[in-house]
Amino acid sequence: GRMPKGLGGAGALLTLLAALLVPPVRADITDGNSEHLKREHSLTKPYQGVGTSPSSQWDFWGSTLVTSQYVRLTADERSKQGSIWNTVPCFLKDWEMHVQFKVHGSGKKNLHGDGFAVWYTKDRLQPGPVFGNQDHYVGLAIFVDTFRNDLHGMDRSFPYISAMVNNGSLSYDHGKDGRPTELGGCSADVRNKDYDTYLAIRYSKGRLTVMVDIDDKNEWKECIDIGGVRLPIGYYFGASAATGDLADNHDIISMKLYQLMVEHSAEDDNLDWTKIEPSVSLLKSPKDNIDDPTGNFRSTSLTGWKVFLLLLCALLGIVVCAVVGAVVFQKRQERNKRFY
Ligand SMILES: [Ca+2]
């Protein structure tokens, strides 16, 4: 019953092979692991002390109304602007923000607006024309645009979710629904739902992913996934909304920030992440930027056929080792017979 030496060697070889071949597991937590919830960057019911207590970690501005059940950035009234901002800068390199929201109003199809935005920016509480926040902002914005301004853009339906990264030099063009500066987006029917609707924004290792859960199925659907995005640490999370001639209630129910446990290279760790200027490395036009043109992610995530090839190699390795092992074992048995 002793394990033949040949097979033992093969076993060790296999272990080594496996260690070399198995790709590193991506550290994703999208299902709200409470262990990694960062309370100082999260806004949850009943919003204790928001805006009134000096110890509150959230400030609000404009038409924003805080109740125990929701934070209403704008009511369903014309020409309103409101925002809510985290007072604590975020120093996490890898994070995921889950936003529960509710956009609702009496406006019939296409007669409602304008939408809301979720921000990760250098400045906070700076009112302006971009869904209630300043233009030429510095940082990241995710827009949930509920009103189509650009009648030439009939190839997409509204509401439309899009992402934009700005170093302060770009202006958001409302007349074109931000299309000239958008990095990616998707149509999302988010209005007047009688169930909960969610948006998730993940930033990790230069990759920006936006997911939505708006069909009452309790699962995330991908909306935006782009690489080559550079954002610093030390910026602020916020949300804002605006109405114009058309209106809607724009409610934030919760904003929950989760830390993603991701390892960085020594080179990455030595960088001063507070000094990074928001940017996106685009070799193609923004709209084609589905794959990361810099190849940052291709090296860590294996595509289907590569995984297949690796598995095939591993399988071949196992077969070769087994055969060699069996032969060695048999030879040794024969030798043993001869000697005894
Ligand atoms: Ca619009």
Linked, directly or transitively: Leu271 and Ile233 (ILVMFWY side chains, under 4.5 Å): yes
Shortest non-hydrogen separation from Gly227 to Val280 and the atoms involved: O-CG1, 4.2 Å
Verify same cluster id: Val71, Leu65 (apolar side-chain graph, 4.5 Å): no
Partner set under salt bridge (charged side-chain N to carboxylate O under 4.0 Å, His left out) for Asp76, not counting sequence neighbours: none
Which residues share a salt bridge (charged side-chain N to carboxylate O under 4.0 Å, His left out) with Asp196, sequence neighbours left out: none
Residue pair Asn86 / Arg124, side-chain heavy-atom distance below 4.5 Å: no
Polar side-chain atom of His174 near backbone of Pro129 as donor-acceptor pair, under 3.5 Å: yes
Candidate pair Leu183 and Ile224, rule side-chain contact (heavy atoms from CB on, under 4.5 Å), full reasoning: CA-CA 8 Å; Leu183 301 171; Ile224 299 166; 5.8 Å; no
Disulfide bond (SG atoms under 2.5 Å apart) partners of residues 106-208, not counting sequence neighbours, each pair once: Cys186-Cys223
Flag, side chain of Asn192 to backbone of Gly105, donor-acceptor distance under 3.5 Å: yes
Interatomic spacing from NZ in Lys217 to OH in Tyr195 - rounded to 0.5 Å: 9.0 Å
Cluster companions of Leu315 among Ile, Leu, Val, Met, Phe, Trp, Tyr (side-chain spacing under 4.5 Å): none
Derivation and outcome, side-chain contact (heavy atoms from CB on, under 4.5 Å), residues Leu92 and Leu257: CA-CA 10 Å; Leu92 300 174; Leu257 189 81; 3.8 Å; yes
ILVMFWY clustering at 4.5 Å (side-chain atoms), partners of Phe147: Leu111, Leu246
Beyond-backbone contact of Asp177 with Glu182, side-chain heavy atoms, under 4.5 angstrom: no
Atom CG of Asp245: over 12 foreign heavy atoms under 6.0 Å: no
Close side-chain approach of Trp220 and Arg202, heavy atoms under 4.5 Å: no
For Lys221, the option from Asp213, Asp215, Asp216 that meets salt bridge (charged side-chain N to carboxylate O under 4.0 Å, His left out): Asp215
Donor-acceptor pair, side chain of Ser187 and main chain of Ser157, under 3.5 angstrom: yes
Heavy-atom closest pair, residues Gln126 and Asn133: O-OD1, 2.9 Å
Neighbour count >12 (heavy atoms, 6.0 Å) for atom NZ, Lys122: no
Ser42 side-chain N/O to Lys256 backbone N/O, donor-acceptor pair under 3.5 Å: no
Test item: side-chain donor near acceptor, Ser171 and Asp135, under 3.5 Å: yes
Contacts of type side-chain hydrogen bond (donor to acceptor under 3.5 Å, both in side chains), residue Asp272, not counting sequence neighbours: Thr274, Lys275
Between CZ on residue Phe60 and OG on residue Ser83, distance to nearest 0.5 Å: 10.0 Å
Donor-acceptor contact present, side-chain Thr243 to main-chain Ser79, <3.5 Å: yes
Residue pair Gly132 / Ala242: nearest heavy atoms and the distance that separates them: N-CB, 3.7 Å
Member of Tyr120, Tyr235, Tyr258 meeting the ring pair (Phe, Tyr, Trp, His ring centres under 6.0 Å) criterion with Trp95: Tyr120
Heavy-atom closest pair, residues Asp114 and Gly244: OD2-N, 3.5 Å
Cationic N near anionic O, under 4.0 Å, Lys205 to Asp94: no
Sequence-distant partners of Glu77, salt bridge (charged side-chain N to carboxylate O under 4.0 Å, His left out), two or more places apart: Lys80
Sequence-distant partners of Phe116, ring pair (Phe, Tyr, Trp, His ring centres under 6.0 Å), two or more places apart: Phe101
Side-chain H-bond candidate by donor/acceptor type, Ser55 with Ser53, under 3.5 Å: yes
Arg191 side, atom CZ; Lys109 side, atom NZ - distance, nearest 0.5 Å: 10.0 Å
Separation between NE2 of His36 and CD of Gln259, rounded to the nearest 0.5 Å: 6.5 Å
Main-chain N/O of Ser169 paired to Asn166 side chain as donor or acceptor, under 3.5 Å: yes
Pairwise distance CE(Met97) to NZ(Lys38) - rounded to 0.5 angstrom: 13.0 Å
Heavy-atom side-chain contact between Val99 and Ile142 under 4.5 Å: no
Heavy-atom side-chain proximity of Lys102 to Asn249 below 4.5 angstrom: no
Euclidean distance, Gln134 CD relative to Ser240 OG, rounded to 0.5 Å: 10.5 Å
For Trp119, the rest of its hydrophobic cluster, which grows through side-chain links under 4.5 angstrom: Trp61, Trp85, Leu125, Val130, Phe131, Tyr137, Phe143, Met164, Leu170, Tyr172, Tyr236
Pairs satisfying side chain to side chain donor-acceptor pair (under 3.5 Å), at least one member in residues 138-153, at least two apart: none
Verify same cluster id: Ile276, Phe91 (apolar side-chain graph, 4.5 Å): yes
Side-chain donor/acceptor of Thr74 to backbone N/O of Gln81, under 3.5 Å: no
Contacts of type salt bridge (charged side-chain N to carboxylate O under 4.0 Å, His left out), residue Asp251, not counting sequence neighbours: Arg72
Residues that His136 engages under ring pair (Phe, Tyr, Trp, His ring centres under 6.0 Å), provided they are two or more places apart: none
Side chain to side chain, Leu140 and Tyr203, heavy atoms closer than 4.5 Å: no
Any Arg179 side-chain heavy atom under 4.5 Å of Tyr160 side chain: no
Residues, nucleotides or ligands: over 12 heavy atoms within 6.0 Å of Glu40 CD: yes
Any donor-acceptor pair under 3.5 Å from Asp248 side chain to His250 backbone: no
Donor-acceptor under 3.5 Å (Thr67 side chain, Gln69 main chain): yes
4.5 Å side-chain heavy-atom contact, Ile84 and Leu73: yes
For the student: nearest non-hydrogen atoms of Ser56 and Gly51, plus distance: OG-N, 3.6 Å
Closest non-hydrogen atom pair between Thr197 and Val190, with its separation: CG2-O, 4.4 Å
